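Accompanying notes for the structure given below.
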Amino acid sequence: MKSTFPPVEEQLARLKGSVAPVEIINEEELTARLERSRAEGRPLRVKQGFDASAPDLHIGHAVSLWKLRAFQELGHTVIFLIGDFTGMVGDPSGRSKTRPRLTREEVEANAQTYRDQVSRVLDPDKIEIRYNSEWHGERDIYEFLDLVSRRTVARILERADFRKRLQADDDISILEFLYPLIQAYDSVALEADVELGGTDQKFNLVMTRQIQRAYGLEPQVLLLMPLLRGTDGNKKMSKSLGNVIDITDPPEEMYGRVMSISDDLIEEYYRLTSGLSSAEVEAKLTGGDPYKLKHELARMIVARYHDEKAAGEAGEEFLARFRQHEWPTVEELIAKGNVAKIKSEHVWLPAIIHEIGATRSKGEAKRLIAEGAVSIDKKRISIEDLYTSKSEDVDPHLSGVNQARREIREGKLKFPRTVQNQTPFVLKVGKRRFYLIYHDEEQLKRHS
RNA sequence: GGGGAGAUUCCCGAGUGGCCAAAGGGAACAGACUGUAAAUCUGUCGGCGUAGCCUUCGGAGGUUCGAAUCCUCCUCUCCCCA
């Protein structure tokens with residue numbers, strides 16, 4: 001049975017609207033494909049690849065997800081390709097050498113989380129999820145060499161990044177060289193008509209076109225989408241750089257993260273993440289006060305991935321928390337799961353901070369305390385608070401070896417002192433990390 | 001296959017026998033100031049209970065009272081030649 005599609009003009013307008021692709025390679029081909037699809041009643045196969053080993057999608061990824069959604073709404077087929085095979089062999093950026101091999105179960109678990117996340121933007125019933133191990137996993141070396149033989153080194157060296165590293169005498173592994181080819185084959189296997197990707201993927205995506213031609217297929221159309229910079233305003237949004245806003249972040253978190261973007265990013269975020277048309281963005285931005293603009297943006301973004309109500313509440317909470325410097329209540333911390341149990345009430349504070357995972361070492365915890373970054377129940381802890389000259393306050397977990405020393409110094413020097421507060425108490429570490437520390441379950445139950 | 005250069009703490013990079021847990025810069029973190037922004041200033045930035053002690057300078061041995069620094073072998077990277 002044949003599907004019907006809107007007129008090509010209308011489709012094109014839709015695909016180029018809202019967040020426009022930075023580049024379409026190329027537009028005539030896209031028009032031609034759309035026309036043919038309409039004439040034949042055959043939906044286009046629109047593909048985007050995702051990394052199987054990093055299954056958290058952020059609002060930068062969402063830029064192209066929304067574009068995929070436009071395709072979906074126009075009646076085309078969206079293929080969500082999970083690069084489980086390529087994820088297993090390595091990383092093309094040259095940063096990390098080899099990634100840990102993913103097991104079948106991990107891949108499936110990641111695929112499931114992808115599906116959940118993607119459904120916040122796309123219609124989950126209309127996604128074809130595929131894995132590139134389907135074809136690469138089966139491949140023998142002859143087929144592989146056949147693929148490799150279709151390109152030359154010079155072609156690969158066209159990539160600016162390789163040229164640069166070559167000039168800088170940096171190393172490039174052969175695997176990295178092969179990576180674009182392996183990836184390119186995915187589009188051959190999927191018979192993709194269109195592929196979406198970030199502009200940073202341009203080289204790899206152009207390679208897919210060349211490889212498709214080499215296999216006698218019509219090259220796919222590329223929609224290169226703009227990259228969103230991370231909340232720090234310097235680098236691209238990336239989990240490893242810690243400057244992300246995940247599409248699954250809870251409302252308050254999301255709101256707060258939007259508020260923390262640098263001012264230079266306001267326009268970029270409005271354009272790429274708000275869902276407004278460029279005319280609307282234009283209108284908003286002229287003469288707007290950055291602080292207000294950010295609030296408005298935060299509200300829109302939260303509403304997009306949660307709903308209006310959540311966005312409103314997140315906004316109010318934000319104001320309460322950060323304008324009036326309120327601490328979250330015990331109930332809120334419990335609700336969010338920012339709760340940590342300690343073994344005993346008699347534990348040295350840096351040990352607690354370390355134990356709950358707020359710092360990488362006790363030394364770091366101590367440093368933070370010295371810097372005035374740690375508070376308990378709204379009272380700032382100073383380094384002196386950590387020590388006592390009364391041995392009954394000493395952390396009893398500090399064992400035998402130290403016991404002797406402790407005795408020697410009794411009366412003269414100071415010892416680590418256990419937390420003086422009754423549990424449960426609220427511990428603040430750094431600017432925005434709060435933990436409810438408790439010792440026995442009963443204490444918690446009283447609150448929930 | 002031959003010749004040369006190199007591997008330092010998250011990154012870049014100094015250090016060529018004790019003064020080195022290792023300069024400097026970047027990143028990061030914290031405090032002050034603020035709008036959870038930027039800029040700025042200040043501080044921190046291997047691990048331990050403040051003390052000294054432990055572990056770290058590609059890997060394994062060795063020389064030495066003492067090694068990131070010297071020697072041997074190994075691994076890896078880059079350059080030039082074939």
Side-chain angles (χ1 to χ4, degrees), chain A residues 94-97 165-174 229-235 238 240-243 245 252-269 288-298 314-315 317-328 346-354 358-375 380-389 391 393-410 412-418 428-434:
Chain A
R95 297 301 272 165
S96 53
K97 294 272 185 229
R165 283 163 59 195
L166 223 42
Q167 263 161 17
D169 294 348
D170 284 340
D171 53 312
I172 300 174
S173 76
I174 293 172
R229 279 181 292 167
T231 52
D232 56 1
N234 294 319
K235 294 162 221 129
S238 137
S240 52
L241 298 171
N243 57 6
I245 302 177
E252 319 82 64
E253 176 76 15
M254 198 178 258
Y255 199 100
R257 284 182 175 277
V258 176
M259 289 307 291
S260 78
I261 64 173
S262 29
D263 283 7
D264 328 338
L265 288 177
I266 293 179
E267 179 174 348
E268 179 173 324
Y269 271 56
D289 156 42
Y291 184 64
K292 282 197 190 117
L293 282 173
K294 275 198 210 174
H295 269 295
E296 220 174 315
L297 179 65
E317 192 189 318
F318 178 87
L319 285 176
R321 171 103 5 106
F322 295 104
R323 191 167 267 185
Q324 280 120 51
H325 302 287
E326 281 176 18
W327 281 37
H346 306 286
V347 181
W348 198 41
L349 184 58
I352 295 177
I353 294 172
H354 175 237
T359 58
R360 260 179 290 172
S361 67
K362 284 180 225 168
E364 192 181 334
K366 240 159 61 180
R367 274 178 237 130
L368 283 172
I369 292 166
E371 287 168 340
V374 176
S375 307
R380 183 173 287 190
I381 302 300
S382 74
I383 199 79
E384 289 78 38
D385 293 333
L386 295 183
Y387 301 103
T388 177
S389 49
S391 56
D393 294 333
V394 170
D395 182 342
H397 295 275
L398 302 170
S399 56
V401 183
N402 301 304
Q403 181 69 34
R405 255 176 77 183
R406 186 202 296 166
E407 280 161 16
I408 292 165
R409 315 171 111 200
E410 176 106 38
K412 253 185 108 180
L413 288 172
K414 295 175 177 175
F415 317 98
R417 183 218 307 247
T418 59
K428 180 187 180 207
V429 181
K431 280 182 220 182
R432 54 193 80 157
R433 281 177 292 167
F434 293 92

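Values in this document were obtained by computation on a predicted structure and should not be read as measured data.
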Show each protein N/O and nucleotides 6-8 of chain B N/O combination with a separation under 3.5 Å, one pair to a line.
none

Subject >> Parallel, tilted or perpendicular: ring planes of A:Y291 versus A:H295, cut at 30 and 60 degrees >> reply: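 Perpendicular.
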Subject >> B:C41 versus B:C53 - spacing of their C1' atoms, nearest Å >> reply: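 Nearest-Å result for B:C41 against B:C53 at atom C1': 36 Å.
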**OP:** Determine the Euclidean distance between corresponding C1' atoms of B:U8 and B:A21; express it in Å to zero decimal places.
**Re:**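 The answer is 12 Å between these two C1' atoms.
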**OP:** Kindly indicate whether the side chain of A:I353, heavy atoms from C-beta on, has any atom under 4.5 Å from the side chain of A:L368.
**Re:**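 The answer is no; the side chains never approach within 4.5 Å.
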Original post:
With a 4.5 Å limit on heavy-atom distance, are the side chains of A:L349 and A:D385 in contact?
Top reply: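 A:L349 does not reach A:D385 side chain to side chain.
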**OP:** Under the salt bridge (Lys or Arg N to Asp or Glu O under 4.0 Å) rule, collect the residues that match up with A:E326, sequence neighbours excluded.
**Re:**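 Partners of A:E326 under the salt bridge (Lys or Arg N to Asp or Glu O under 4.0 Å) test: none.
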Original post:
A:E268 side chain to A:R229 main-chain N or O, any donor-acceptor pair under 3.5 Å?
Top reply: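 Side chain of A:E268 to backbone of A:R229, a donor-acceptor pair under 3.5 Å: yes, one is there.
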For nucleotides 46-48 of chain B, tabulate all protein N/O to nucleotide N/O atom pairs closer than 3.5 Å, reporting atom names and distance.
unit_1	atom_1	unit_2	atom_2	d
B:G47	OP1	A:S361	OG	2.6
B:G47	OP2	A:R367	NH2	2.5
B:C48	OP1	A:K362	N	3.4
B:C48	OP2	A:S361	OG	2.9
B:C48	OP2	A:K362	N	3.0
B:C48	OP2	A:G363	N	2.8

Subject >> Value in whole Å for how far the P atom of B:U34 lies from CG of A:D263 >> reply: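 Computing the A:D263:CG to B:U34:P distance gives 16 Å.
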**OP:** Using a 4.0 Å heavy-atom cut-off, write out nucleotides 75-82 of chain B from 5' to 3' as B (base contacted by protein), S (sugar-phosphate only) or - (no contact).
**Re:** --SSS---
Original post:
When all nucleic acid strands are considered with a 4.0 Å heavy-atom cut-off, which category describes A:G372: base, sugar-phosphate, or nothing?
Top reply: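 Counting heavy atoms under 4.0 Å across all strands, the contact made by A:G372 is with sugar-phosphate only.
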Do any N or O atoms of the protein come closer than 3.5 Å to N or O atoms of nucleotides 39-43 of chain B, and which pairs are they?
unit_1	atom_1	unit_2	atom_2	d
B:G43	N2	A:E371	OE2	2.8
B:G43	N3	A:E371	OE2	3.4

Original post:
Now, which nucleotide makes the Watson-Crick or G-U wobble pair with B:G6, with each of the two distances under 3.5 Å?
Top reply: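 Checking every strand shown, B:G6 finds its partner in B:C76, with both distances under 3.5 Å.
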**OP:** Give every residue pair that meets the side chain to side chain donor-acceptor pair (under 3.5 Å) criterion with at least one member in residues 358-368 of chain A, sequence neighbours excluded.
**Re:**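 Counting only pairs at least two positions apart or across chains, no side chain to side chain donor-acceptor pair (under 3.5 Å) contact touches residues 358-368 of chain A.
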